[in-house]
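Notes follow the structure.
Residue indices begin at 1 and follow the sequence shown. Side-chain atoms are counted along with the backbone in the values below, which use heavy atoms only and exclude waters and symmetry mates. This is a predicted model, so every value here is computed, not measured.
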Amino acid sequence: MNQMIRSIKQKPIKNLDNTTPHGRTATDELVPSRYALRIGEIEVLVISDGVLTPPSESMATNADPAVRAAWLDNMFLSRDAFDWALNEVVVRSGGQTILIDAGLGEEYPDFPRAGQWGQRLEAAGIDLGSVTDVVLTHMHFDHVGGLLVDGVKKRLRPDLRIHVAAAEVKFWASPDFSRTAMPPVLANLARRASKQFLDEYHGQLQLFEEESKIAPGVVVRRTGGHTPGHSVVRLASGDDRLMFAGDAIFPVSFDHPEWHNGFEHDPEEATRVRLELLRELVATGSWLVGTHMPFPSIGRVAAAGELFRWVPAWWDY
(Lines give C-alpha, C1' and ligand atoms only; values in the text may rest on other atoms or scores of the structure.)
Protein backbone atom coordinates (compact mmCIF):
# COMPACT_ATOMS: atom_id res chain seq x y z
CA MET A 1 0.00 0.00 0.00
CA ASN A 2 2.80 2.47 0.90
CA GLN A 3 4.42 1.77 -2.47
CA MET A 4 1.13 2.54 -4.22
CA ILE A 5 0.73 5.83 -2.31
CA ARG A 6 4.29 6.87 -3.19
CA SER A 7 3.58 6.06 -6.83
CA ILE A 8 0.51 8.28 -6.85
CA LYS A 9 2.34 11.14 -5.15
CA GLN A 10 5.12 11.06 -7.70
CA LYS A 11 2.78 11.46 -10.67
CA PRO A 12 2.17 15.09 -11.61
CA ILE A 13 -1.25 16.30 -12.55
CA LYS A 14 -1.34 16.99 -16.29
CA ASN A 15 -3.64 19.47 -17.97
CA LEU A 16 -5.53 17.77 -20.81
CA ASP A 17 -7.08 20.84 -22.47
CA ASN A 18 -6.23 21.32 -26.13
CA THR A 19 -3.91 24.28 -25.78
CA THR A 20 -1.78 26.42 -28.05
CA PRO A 21 2.01 26.52 -27.54
CA HIS A 22 1.36 29.41 -25.16
CA GLY A 23 -1.03 27.30 -23.11
CA ARG A 24 -4.21 29.16 -24.04
CA THR A 25 -7.29 27.91 -25.82
CA ALA A 26 -9.51 29.73 -28.26
CA THR A 27 -12.20 29.91 -25.58
CA ASP A 28 -9.89 30.84 -22.70
CA GLU A 29 -11.51 32.66 -19.80
CA LEU A 30 -10.13 35.30 -17.47
CA VAL A 31 -11.29 33.28 -14.46
CA PRO A 32 -10.13 29.63 -14.44
CA SER A 33 -13.16 27.36 -14.49
CA ARG A 34 -11.79 23.95 -15.44
CA TYR A 35 -8.86 21.82 -14.40
CA ALA A 36 -7.72 18.55 -15.98
CA LEU A 37 -5.80 15.57 -14.69
CA ARG A 38 -5.24 11.90 -15.39
CA ILE A 39 -6.03 8.97 -13.15
CA GLY A 40 -3.94 6.36 -14.93
CA GLU A 41 -5.63 6.01 -18.33
CA ILE A 42 -8.77 7.87 -17.24
CA GLU A 43 -9.13 11.53 -18.22
CA VAL A 44 -10.76 13.80 -15.64
CA LEU A 45 -11.89 17.41 -16.01
CA VAL A 46 -13.19 19.36 -13.02
CA ILE A 47 -15.68 22.02 -14.10
CA SER A 48 -16.74 24.96 -11.92
CA ASP A 49 -20.41 25.91 -12.08
CA GLY A 50 -19.60 29.04 -10.09
CA VAL A 51 -20.06 29.89 -6.43
CA LEU A 52 -22.99 29.61 -4.05
CA THR A 53 -23.24 31.85 -1.00
CA PRO A 54 -25.29 30.11 1.71
CA PRO A 55 -25.62 31.39 5.29
CA SER A 56 -22.58 30.38 7.34
CA GLU A 57 -24.72 28.68 9.94
CA SER A 58 -25.87 26.16 7.30
CA MET A 59 -22.49 24.42 7.41
CA ALA A 60 -22.78 23.59 11.11
CA THR A 61 -26.36 23.56 12.31
CA ASN A 62 -25.55 21.58 15.48
CA ALA A 63 -22.48 23.62 16.45
CA ASP A 64 -22.20 26.03 19.33
CA PRO A 65 -22.52 29.45 17.63
CA ALA A 66 -19.39 30.73 19.40
CA VAL A 67 -17.34 27.73 18.28
CA ARG A 68 -18.64 28.07 14.74
CA ALA A 69 -17.80 31.79 14.73
CA ALA A 70 -14.29 31.05 16.00
CA TRP A 71 -13.72 28.52 13.20
CA LEU A 72 -14.93 31.01 10.59
CA ASP A 73 -12.68 33.72 12.04
CA ASN A 74 -9.72 31.35 12.01
CA MET A 75 -10.37 30.59 8.32
CA PHE A 76 -10.82 34.31 7.46
CA LEU A 77 -14.42 33.64 6.43
CA SER A 78 -17.50 35.75 6.98
CA ARG A 79 -19.71 34.88 9.94
CA ASP A 80 -22.77 35.69 7.84
CA ALA A 81 -22.28 33.92 4.50
CA PHE A 82 -19.39 32.24 2.75
CA ASP A 83 -18.34 31.30 -0.76
CA TRP A 84 -19.23 27.69 -1.45
CA ALA A 85 -17.76 26.24 -4.64
CA LEU A 86 -19.95 24.22 -7.00
CA ASN A 87 -17.86 21.66 -8.89
CA GLU A 88 -18.80 18.95 -11.38
CA VAL A 89 -16.64 16.42 -13.19
CA VAL A 90 -16.27 15.09 -16.73
CA VAL A 91 -14.68 11.63 -17.09
CA ARG A 92 -13.47 9.89 -20.25
CA SER A 93 -12.86 6.16 -20.00
CA GLY A 94 -13.23 3.25 -22.39
CA GLY A 95 -14.67 5.40 -25.16
CA GLN A 96 -17.35 6.83 -22.87
CA THR A 97 -17.79 10.48 -21.89
CA ILE A 98 -19.38 10.72 -18.45
CA LEU A 99 -20.76 13.77 -16.66
CA ILE A 100 -20.82 13.50 -12.88
CA ASP A 101 -23.57 15.86 -11.67
CA ALA A 102 -24.93 18.80 -13.63
CA GLY A 103 -24.77 21.88 -11.43
CA LEU A 104 -27.35 24.55 -10.74
CA GLY A 105 -28.23 25.09 -14.38
CA GLU A 106 -29.58 28.63 -14.45
CA GLU A 107 -28.99 31.73 -12.41
CA TYR A 108 -31.25 32.06 -9.40
CA PRO A 109 -31.73 35.39 -7.61
CA ASP A 110 -30.23 33.97 -4.41
CA PHE A 111 -27.23 32.49 -6.27
CA PRO A 112 -26.23 35.00 -8.98
CA ARG A 113 -22.63 33.71 -9.19
CA ALA A 114 -23.53 30.11 -10.06
CA GLY A 115 -25.39 28.42 -12.91
CA GLN A 116 -22.55 28.49 -15.46
CA TRP A 117 -22.18 24.73 -16.03
CA GLY A 118 -23.35 24.67 -19.66
CA GLN A 119 -21.28 27.68 -20.71
CA ARG A 120 -18.17 26.29 -19.06
CA LEU A 121 -18.61 22.83 -20.54
CA GLU A 122 -18.69 24.49 -23.95
CA ALA A 123 -15.62 26.58 -23.10
CA ALA A 124 -13.83 23.35 -22.17
CA GLY A 125 -14.72 21.81 -25.54
CA ILE A 126 -17.26 19.33 -24.19
CA ASP A 127 -20.03 18.69 -26.73
CA LEU A 128 -23.23 17.58 -25.01
CA GLY A 129 -23.95 15.34 -27.97
CA SER A 130 -20.82 13.31 -27.19
CA VAL A 131 -21.90 12.50 -23.64
CA THR A 132 -22.77 8.81 -23.20
CA ASP A 133 -23.53 8.76 -19.48
CA VAL A 134 -24.53 11.01 -16.58
CA VAL A 135 -23.96 9.95 -12.99
CA LEU A 136 -25.88 11.80 -10.28
CA THR A 137 -24.50 11.73 -6.76
CA HIS A 138 -28.00 12.83 -5.67
CA MET A 139 -30.92 14.90 -6.92
CA HIS A 140 -30.63 18.22 -5.08
CA PHE A 141 -31.29 21.17 -7.40
CA ASP A 142 -27.60 22.15 -7.57
CA HIS A 143 -26.78 18.69 -8.97
CA VAL A 144 -29.52 18.17 -11.57
CA GLY A 145 -30.23 21.77 -12.62
CA GLY A 146 -27.98 21.81 -15.68
CA LEU A 147 -30.05 19.07 -17.27
CA LEU A 148 -33.20 21.20 -16.90
CA VAL A 149 -31.99 24.25 -18.82
CA ASP A 150 -34.03 24.96 -21.95
CA GLY A 151 -32.54 23.26 -24.98
CA VAL A 152 -30.14 20.95 -23.10
CA LYS A 153 -32.18 17.75 -23.47
CA LYS A 154 -32.43 18.26 -27.25
CA ARG A 155 -28.65 18.40 -27.47
CA LEU A 156 -28.16 15.18 -25.53
CA ARG A 157 -28.17 11.87 -27.37
CA PRO A 158 -31.41 9.89 -27.17
CA ASP A 159 -29.61 6.80 -25.81
CA LEU A 160 -28.03 8.77 -22.95
CA ARG A 161 -27.82 6.72 -19.75
CA ILE A 162 -28.44 8.53 -16.43
CA HIS A 163 -27.21 6.54 -13.45
CA VAL A 164 -28.77 7.23 -10.06
CA ALA A 165 -29.47 5.14 -6.97
CA ALA A 166 -32.94 3.62 -6.82
CA ALA A 167 -33.26 4.89 -3.23
CA GLU A 168 -32.78 8.45 -4.47
CA VAL A 169 -35.58 8.21 -7.02
CA LYS A 170 -37.87 6.65 -4.43
CA PHE A 171 -37.09 9.42 -1.92
CA TRP A 172 -37.85 12.27 -4.31
CA ALA A 173 -41.22 10.79 -5.22
CA SER A 174 -42.29 12.04 -1.77
CA PRO A 175 -39.37 13.91 -0.18
CA ASP A 176 -39.04 14.45 3.57
CA PHE A 177 -37.39 17.69 4.71
CA SER A 178 -38.23 17.30 8.40
CA ARG A 179 -34.61 16.75 9.48
CA THR A 180 -32.92 19.35 7.28
CA ALA A 181 -32.37 23.01 8.10
CA MET A 182 -33.10 23.96 4.50
CA PRO A 183 -35.07 27.23 4.21
CA PRO A 184 -38.59 26.70 2.81
CA VAL A 185 -37.77 28.54 -0.41
CA LEU A 186 -34.87 26.15 -1.11
CA ALA A 187 -36.87 23.10 -0.06
CA ASN A 188 -39.57 24.11 -2.56
CA LEU A 189 -36.92 24.64 -5.23
CA ALA A 190 -35.52 21.16 -4.51
CA ARG A 191 -39.00 19.60 -4.83
CA ARG A 192 -39.68 21.34 -8.15
CA ALA A 193 -36.28 20.50 -9.63
CA SER A 194 -36.46 16.82 -8.68
CA LYS A 195 -40.00 16.48 -10.03
CA GLN A 196 -39.11 18.18 -13.29
CA PHE A 197 -36.03 16.00 -13.66
CA LEU A 198 -37.96 12.78 -13.09
CA ASP A 199 -40.71 13.89 -15.47
CA GLU A 200 -38.27 14.74 -18.26
CA TYR A 201 -35.69 11.95 -17.91
CA HIS A 202 -37.51 8.97 -16.40
CA GLY A 203 -37.09 6.97 -19.61
CA GLN A 204 -33.28 7.28 -19.50
CA LEU A 205 -32.69 6.35 -15.87
CA GLN A 206 -30.38 3.45 -15.08
CA LEU A 207 -31.17 2.63 -11.45
CA PHE A 208 -28.81 0.73 -9.18
CA GLU A 209 -29.29 -0.56 -5.65
CA GLU A 210 -25.84 -0.33 -4.06
CA GLU A 211 -23.17 -0.18 -6.76
CA SER A 212 -22.78 0.05 -10.51
CA LYS A 213 -19.83 -0.05 -12.89
CA ILE A 214 -20.22 2.81 -15.36
CA ALA A 215 -17.09 2.41 -17.48
CA PRO A 216 -13.63 0.81 -17.14
CA GLY A 217 -12.34 1.95 -13.74
CA VAL A 218 -15.45 4.04 -12.96
CA VAL A 219 -17.75 2.79 -10.20
CA VAL A 220 -20.59 4.57 -8.39
CA ARG A 221 -21.67 3.36 -4.94
CA ARG A 222 -24.53 4.47 -2.71
CA THR A 223 -23.58 5.89 0.69
CA GLY A 224 -26.86 7.41 1.87
CA GLY A 225 -26.72 10.03 4.60
CA HIS A 226 -26.89 13.36 2.83
CA THR A 227 -29.91 11.96 0.98
CA PRO A 228 -31.08 8.33 1.06
CA GLY A 229 -29.57 7.63 -2.36
CA HIS A 230 -26.50 9.86 -2.12
CA SER A 231 -23.59 8.17 -3.88
CA VAL A 232 -19.88 8.64 -4.46
CA VAL A 233 -17.91 7.85 -7.62
CA ARG A 234 -14.54 6.12 -7.43
CA LEU A 235 -12.03 6.07 -10.28
CA ALA A 236 -9.19 3.57 -10.45
CA SER A 237 -6.58 3.00 -13.16
CA GLY A 238 -3.17 1.49 -12.57
CA ASP A 239 -2.02 2.65 -9.16
CA ASP A 240 -4.04 5.89 -9.29
CA ARG A 241 -7.27 6.53 -7.41
CA LEU A 242 -9.76 9.40 -7.20
CA MET A 243 -12.99 9.75 -5.25
CA PHE A 244 -15.70 12.22 -6.21
CA ALA A 245 -17.47 12.54 -2.87
CA GLY A 246 -20.40 14.70 -3.88
CA ASP A 247 -21.90 16.31 -0.77
CA ALA A 248 -20.46 13.86 1.75
CA ILE A 249 -17.45 16.06 2.57
CA PHE A 250 -17.33 19.84 3.01
CA PRO A 251 -14.49 22.29 3.79
CA VAL A 252 -15.30 22.22 7.51
CA SER A 253 -15.40 18.40 7.63
CA PHE A 254 -11.68 17.94 8.29
CA ASP A 255 -11.75 19.93 11.54
CA HIS A 256 -15.34 19.13 12.52
CA PRO A 257 -16.67 16.00 10.80
CA GLU A 258 -19.38 15.88 13.47
CA TRP A 259 -20.95 19.17 12.38
CA HIS A 260 -24.20 18.72 10.51
CA ASN A 261 -24.76 20.43 7.19
CA GLY A 262 -28.14 22.11 6.83
CA PHE A 263 -28.87 20.27 3.57
CA GLU A 264 -28.47 16.77 5.06
CA HIS A 265 -31.68 14.76 5.23
CA ASP A 266 -30.22 12.33 7.81
CA PRO A 267 -27.51 14.26 9.68
CA GLU A 268 -26.41 11.41 11.96
CA GLU A 269 -26.02 8.97 9.07
CA ALA A 270 -24.30 11.66 7.00
CA THR A 271 -21.75 12.09 9.81
CA ARG A 272 -21.11 8.33 9.93
CA VAL A 273 -20.62 8.25 6.14
CA ARG A 274 -18.32 11.29 6.24
CA LEU A 275 -16.04 9.70 8.84
CA GLU A 276 -15.94 6.42 6.93
CA LEU A 277 -14.95 8.17 3.69
CA LEU A 278 -12.34 10.38 5.36
CA ARG A 279 -10.71 7.33 6.95
CA GLU A 280 -10.73 5.56 3.59
CA LEU A 281 -9.05 8.55 1.94
CA VAL A 282 -6.34 8.62 4.62
CA ALA A 283 -5.69 4.89 4.23
CA THR A 284 -5.58 4.81 0.42
CA GLY A 285 -3.96 8.11 -0.47
CA SER A 286 -6.68 8.61 -3.09
CA TRP A 287 -7.25 11.99 -4.63
CA LEU A 288 -10.44 13.66 -3.42
CA VAL A 289 -12.75 15.95 -5.37
CA GLY A 290 -15.85 17.30 -3.63
CA THR A 291 -18.77 19.29 -4.96
CA HIS A 292 -18.32 22.13 -2.49
CA MET A 293 -14.57 22.04 -1.85
CA PRO A 294 -12.70 25.14 -3.13
CA PHE A 295 -12.08 24.87 -6.89
CA PRO A 296 -10.37 22.89 -8.34
CA SER A 297 -11.07 20.73 -5.31
CA ILE A 298 -8.21 18.30 -5.91
CA GLY A 299 -6.27 17.11 -2.91
CA ARG A 300 -5.66 14.39 -0.41
CA VAL A 301 -6.65 13.77 3.18
CA ALA A 302 -4.10 13.19 5.94
CA ALA A 303 -4.62 12.22 9.55
CA ALA A 304 -4.29 14.99 12.15
CA GLY A 305 -4.57 13.21 15.47
CA GLU A 306 -8.16 12.03 15.73
CA LEU A 307 -9.19 14.53 13.05
CA PHE A 308 -8.12 15.17 9.47
CA ARG A 309 -6.10 17.56 7.35
CA TRP A 310 -6.87 18.69 3.78
CA VAL A 311 -3.78 18.76 1.54
CA PRO A 312 -4.61 20.53 -1.74
CA ALA A 313 -2.72 19.50 -4.86
CA TRP A 314 -0.17 21.82 -6.38
CA TRP A 315 -1.61 23.19 -9.60
CA ASP A 316 0.14 22.08 -12.77
CA TYR A 317 -0.04 24.92 -15.31
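Phe308 pairs by the ring-ring contact (aromatic ring centres under 6.0 Å, His included) definition with nothing, not counting sequence neighbours. Legend: residues meeting salt bridge (charged side-chain N to carboxylate O under 4.0 Å, His left out) with Asp73, ordered by chain and number and at least two apart, are Arg79. Residues passing the salt bridge (charged side-chain N to carboxylate O under 4.0 Å, His left out) test with Glu276, sequence neighbours excluded: Arg272. Every residue two or more places apart in sequence or in another chain that forms a side chain to side chain donor-acceptor pair (under 3.5 Å) with Asp159 is listed here: Arg157. By the side chain to side chain donor-acceptor pair (under 3.5 Å) test, Arg155 pairs with no residue at all, sequence neighbours left out. Residues passing the side chain to side chain donor-acceptor pair (under 3.5 Å) test with Lys195, sequence neighbours excluded: Asp199. With sequence neighbours left out, Glu168 forms a salt bridge (charged side-chain N to carboxylate O under 4.0 Å, His left out) with no residue at all. Contacts of Trp71 classified as side chain to side chain donor-acceptor pair (under 3.5 Å), with partners at least two apart in sequence or in another chain: Asp255.
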Criterion side-chain contact (heavy atoms from CB on, under 4.5 Å) on Trp315 and Ile298, from CA distance to verdict: CA-CA 9 Å; Trp315 279 44; Ile298 301 168; over 6 Å; no
Step-by-step side-chain hydrogen bond (donor to acceptor under 3.5 Å, both in side chains) determination, Gln96 to Asp133: CA-CA 7 Å; Gln96 295 168 238; Asp133 300 82; 2.9 Å; yes
Step-by-step side-chain contact (heavy atoms from CB on, under 4.5 Å) determination, Phe244 to Thr291: CA-CA 8 Å; Phe244 183 72; Thr291 303; 3.5 Å; yes
Chi angles and distances behind the side-chain contact (heavy atoms from CB on, under 4.5 Å) call for Trp259, Asn62: CA-CA 6 Å; Trp259 281 0; Asn62 63 329; 4.0 Å; yes
Trace of the side-chain contact (heavy atoms from CB on, under 4.5 Å) decision for Leu136 with Asp101: CA-CA 5 Å; Leu136 297 177; Asp101 286 341; 4.0 Å; yes
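The two residues Leu278 and Ser253 have their closest heavy-atom pair at CD1-O, 3.9 Å. In this structure, Ser56 and Ser78 approach most closely via the heavy-atom pair OG-O, 2.9 Å. Considering every non-hydrogen atom in both Pro216 and Ile42, the closest pair reads O-CD1, 3.8 Å. Scanning both residues, Asp240 and Gly40, for their nearest heavy atoms gives OD2-N, 3.1 Å.
Residues Val46 and Val51 are members of separate hydrophobic clusters, defined by side-chain heavy-atom contacts under 4.5 angstrom among Ile, Leu, Val, Met, Phe, Trp and Tyr. Taking hydrophobic clusters as Ile, Leu, Val, Met, Phe, Trp and Tyr residues chained together by side-chain heavy-atom distances below 4.5 Å, Met243 shares a cluster with Leu275.
For the pair Arg241 and Trp287, the cation-pi test (distance below 6.0 Å, angle within 45°) is failed.
For Trp84 and Phe250, the gap between ring centers is short of 6.0 Å.
Sorted by first then second residue, the ring pair (Phe, Tyr, Trp, His ring centres under 6.0 Å) pairs that include residues 203-226, not counting sequence neighbours, are His138-His226, His140-His226, His226-His230. For residues 217-230, the pairs satisfying salt bridge (charged side-chain N to carboxylate O under 4.0 Å, His left out) are Glu210-Arg222, Glu211-Arg221, with sequence neighbours left out. Among residues at least two apart or in separate chains, there is no salt bridge (charged side-chain N to carboxylate O under 4.0 Å, His left out) pair with a member in residues 50-60. Counting only residues at least two apart or on different chains, the salt bridge (charged side-chain N to carboxylate O under 4.0 Å, His left out) pairs with a member in residues 174-189 are Arg179-Asp266, Arg179-Glu268.
Proximity of Val301 to Phe254: side-chain heavy atoms (C-beta onward) are separated by under 4.5 Å at one or more points. Using a 4.5 Å cut-off on side-chain heavy atoms (C-beta onward), Leu45 and Ile126 make contact. By the 4.5 Å heavy-atom criterion applied to side chains, Val219 and Ile214 are not counted as neighbours.
Looking only at atom types and distance, the side chain of His143 has a donor-acceptor partner in the side chain of Asp247 under 3.5 Å away.
Counting only distance, with no hydrogens or angles, the side chain of Arg274 and the backbone of Pro257 share a donor-acceptor pair below 3.5 Å.
The pair Glu88-Arg120 does not meet the salt-bridge criterion, since no charged nitrogen lies less than 4.0 angstrom from a carboxylate oxygen.
Tested against Val90, the residues Leu121, Val44, Ile98 include a single side chain to side chain contact (heavy atoms under 4.5 Å, CB included) partner, Leu121. Each of Val233, Leu37, Leu288, Val218 was evaluated against Leu242; a single residue qualifies, Leu37, per the side chain to side chain contact (heavy atoms under 4.5 Å, CB included) test.
Taking CH2 of Trp117 as the start and CD1 of Ile47 as the end, the distance is 9.5 Å to the nearest 0.5 Å.
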